[in-house]
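One structure is given here, and the rest of the page talks about it.
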Amino acid sequence: MSPKHEKETRGAWIVHHARKISMDMHGAAEFPVLDEAGKAAELLMRLGASETSVLNADEVKAIARSINLNVRTELRHYLELLQTKRLIDTSNKEVQVLGVSTRHVLRHASDIFEDSTPTNREVAAIDISERASQSPVLFKEAHEYIGDSYKLKASDTRDFIRRAAEIGFVDQEGDDTSNVVLFNGNLFKRDAVKKSQKVWASLSTDEQAKFSEVNQFITKRGCVDAEACVRRLGKPLFEKLRAAGVLEVNIVSNERGEHAFVTLPGSFHKFVNPMIDDSFDMAKALVSALSYGMHFRKASSGRIFSVDMILKALIGGRRIGPATAIGADYRVLEQNRVVKLTHASGDMYHMKLLKHEIGQLALEVLRQGDGNAESIRNLPSVPMIGYIGPESSRERVRKMQSKPSKNHTHDILSALRGGRSI
């Protein structure tokens, strides 16, 4: 692995871990450098765009709030940190950011992390997550590796693995330390085809047929209605595949509830590194919004008839609109500074793409399908106001799994280890 790729991968784990830390009461105190580097990366990613950006104080505060930074106690610190690293300029009471990309931000996150003297436990958190994303790791193997590599006592190593699982750096499945395996939601973002074949081989004949059908169904369309997957797989099989990370569920929300559709973890793999290039889930969020606009918007409010045409225009730097749907369906993307909305008149808006690489990723995925996208057929025709990425939705399911369901997920993880008895 090249030094540049190593930095980008480390940066992706930093962002992943910082998001997990933010959900744990004591996480930031235990892993302060991971927390700081991840928050700095989140802020930089949203401040920046493909071209140089200049933002006023109100815009910066709004961005900080969108990533849950305290604008009174945290924002100044992170702006000063990014200024010190010469990643932004705050000299004129505005924030100027040179053009950024996901990979640039991840390399900067890695540098901030390394420059801040992380603890052994913080470095180990990245190390064990990387290993568990390549193949599930037995608890006893992880315990031996971490203890030896980071010079931790046996009791400290057990405590570290316990906290890594509690916070969400890794998941664990099994009844006791003799059969517990560690894994994480990025498991199928590498060697997805090979790993899916191992999963297929571990299933019953009936499950194999269903899994093959759904895999082809999603591959052909790019993204599909989650309910359509459940009908084909049955709920038990769908849930264990989702919990293990074989399928990714994206959730869009509006005032009538949450609605889900499914993508494959390796959707971007043909074109980019899925672990790195969509670390912030922005491309999947854009796919969600565009899918919604294709299938559930009336022509009078700005229904999308050709994703290719829309995305090519946006990637080329053109402004599209005006349309009512733009003002309603792209709020999440506007908060993440993927797009910029400009009021035209009444409830109609123009839209311009700020992060061209995100548009390119979305275009590649949606081009896979005959109709560009398959979406949620029962979704009410009302504005899309929220988005939950695959890792957060997978975590929800993991917490609600029943004992039999957990055992089935464990079977999948065992198959990925080569079918060895654990």
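Basis for what follows: all heavy atoms, side chains included, without hydrogens, waters or symmetry-related copies.
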Distance col, row Leu361:CG vs Ile315:CD1, nearest 0.5 angstrom, shows 9.0 Å

Report task. Keeping the roles fixed (side chain from Ser212, backbone from Ala209), state whether a donor-acceptor pair exists under 3.5 Å. Result -> no

If you define the side chain from C-beta out and look only at heavy atoms, does anything of Leu314 sit under 4.5 Å from Val339? no

Under the side-chain contact (heavy atoms from CB on, under 4.5 Å) rule, what do Leu286 and Met282 come out as? Steps first, then yes or no, please. CA-CA 6 Å; Leu286 182 55; Met282 291 182 177; over 6 Å; no

**Message:** Taking the basic N atoms (NZ, or NE/NH1/NH2) and the acidic carboxylate oxygens, is any pair closer than 4.0 Å for Glu166 and Arg163?
**Reply:** yes

Next item on the list: Give me the ring orientation class for Phe139 and His143: parallel if the planes are under 30° apart, tilted from 30 to 60°, perpendicular past 60°.
Entry: tilted

Quiz item: Any salt bridge between Glu42 and Arg46, counting N to O under 4.0 Å?
Solution: yes

Of all heavy-atom pairs linking Glu94 and Asn56, the shortest is CG-CA, 4.4 Å

d(Glu227 CD, Arg232 CZ) to nearest 0.5 Å is 12.0 Å

Q) Under 3.5 Å, is there a donor-acceptor pair between the Thr90 and Gln83 side chains? A) yes

* What's the verdict on side chain to side chain donor-acceptor pair (under 3.5 Å) for Ser129 and His17, showing C-alpha distance, side-chain angles and the deciding distance? -> CA-CA 9 Å; Ser129 298; His17 286 6; 3.0 Å; yes

Q.
Do the side chains of Asp58 and Lys61 get close enough for a salt bridge, i.e. N-O under 4.0 angstrom?
A. no

d(Leu69 CG, Ser22 OG) to nearest 0.5 Å is 10.5 Å

Minimal heavy-atom distance between Asn184 and Arg394, with the atoms involved, is C-NH2, 4.2 Å

Would you check if Ser414 and Val181 make a side-chain contact, meaning some heavy-atom pair closer than 4.5 Å? no

Check: Are the side chain of Lys355 and the backbone N or O of Arg337 linked by a donor-acceptor pair below 3.5 Å?
Finding: yes

* Hey, mind stepping through Arg242 and Val262 against side-chain contact (heavy atoms from CB on, under 4.5 Å) and telling me if it holds? -> CA-CA 9 Å; Arg242 179 183 181 183; Val262 182; over 6 Å; no

Across all chains, not counting sequence neighbours, the side chain to side chain donor-acceptor pair (under 3.5 Å) partners of Tyr150 are Asp127

Residues passing the side chain to side chain contact (heavy atoms under 4.5 Å, CB included) test with Glu122, sequence neighbours excluded, are Phe31, Pro32, Val33, Leu34, Phe113, Pro118, Thr119

So CZ of Arg158 and CD1 of Ile146: to nearest 0.5 Å the spacing works out to 14.5 Å

Does NZ in Lys140 sit with more than 12 non-hydrogen atoms of other residues, nucleotides or ligands closer than 6.0 Å? no

Within-4.5 Å side-chain heavy-atom neighbours: Ile326 and His350
no

| query | If you count the non-hydrogen atoms of other residues, nucleotides and ligands that lie under 6.0 Å from CG in Asn70, is the total more than 12? | reply | yes

How about Ser204 and Asp206: does a side-chain donor come under 3.5 Å of a side-chain acceptor? no

To the nearest 0.5 Å, atom CG of Leu237 lies from atom CD of Gln208 at 11.0 Å

Note to self: Could you check whether atom CZ of Arg76 has more than 12 heavy atoms from other residues, nucleotides or ligands sitting under 6.0 Å from it?
What the structure shows: no

Q.
Tell me whether Glu114 is salt-bridged to Lys7, with the criterion being a basic N under 4.0 Å from an acidic carboxylate O.
A. no

So CG of Leu75 and CD of Glu80: to nearest 0.5 Å the spacing works out to 9.5 Å

Start with the C-alpha gap between His16 and Asn186, add the side-chain angles, then the distance that decides, and say whether side-chain contact (heavy atoms from CB on, under 4.5 Å) holds.
CA-CA 10 Å; His16 174 275; Asn186 290 304; 3.9 Å; yes

**Message:** Is it true that, when you exclude His77 itself, more than 12 heavy atoms of the residues, nucleotides or ligands shown sit nearer than 6.0 Å to its NE2?
**Reply:** yes

For Ile126 and Arg10: C-alpha separation, side-chain torsions, deciding distance, then whether side-chain contact (heavy atoms from CB on, under 4.5 Å) applies. CA-CA 7 Å; Ile126 293 175; Arg10 187 185 302 117; 3.9 Å; yes

Between the side chains of Glu357 and Thr102, does any donor sit under 3.5 Å from an acceptor?
yes

Nearest heavy-atom contact between Ala41 and Val105 is O-CG1, 3.5 Å

- Can a salt bridge be assigned to the pair Lys39 and Asp35 using a cut-off of 4.0 Å between side-chain N and carboxylate O? yes

Donor-acceptor pair, side chain of His108 and main chain of Leu44, under 3.5 angstrom:
no

Around atom CD of Glu144, are there more than 12 heavy atoms of other residues, nucleotides or ligands at under 6.0 Å? no

Side chains of Leu182 and Phe169 in contact at under 4.5 Å (non-hydrogen atoms):
no

Scanning both residues in full, the closest heavy-atom pair of Ala12 with Ser279 reads CB-OG, 3.6 Å

Hey, are Glu207 and Lys240 close enough for a salt bridge, meaning a charged N less than 4.0 Å from a carboxylate O? yes

- Item | Min side-chain heavy-atom separation Leu79-Leu43 under 4.5 Å | yes

Minimal heavy-atom distance between Lys195 and Leu187, with the atoms involved, is NZ-O, 2.7 Å

Side-chain heavy atoms of Leu233 within contact of Leu247, under 4.5 Å: yes

Quiz item: Mind checking whether Asn336 and Phe280 have side chains closer than 4.5 Å, heavy atoms only?
Solution: no

message: Under a 3.5 Å cutoff, is there a donor and acceptor pairing between the side chains of Asp411 and Ser202?
response: no

Close side-chain approach of His356 and Glu51, heavy atoms under 4.5 Å: yes

Heavy-atom closest pair (Arg121 atom, Asp156 atom, distance to 0.1 Å) is NH1-O, 4.0 Å

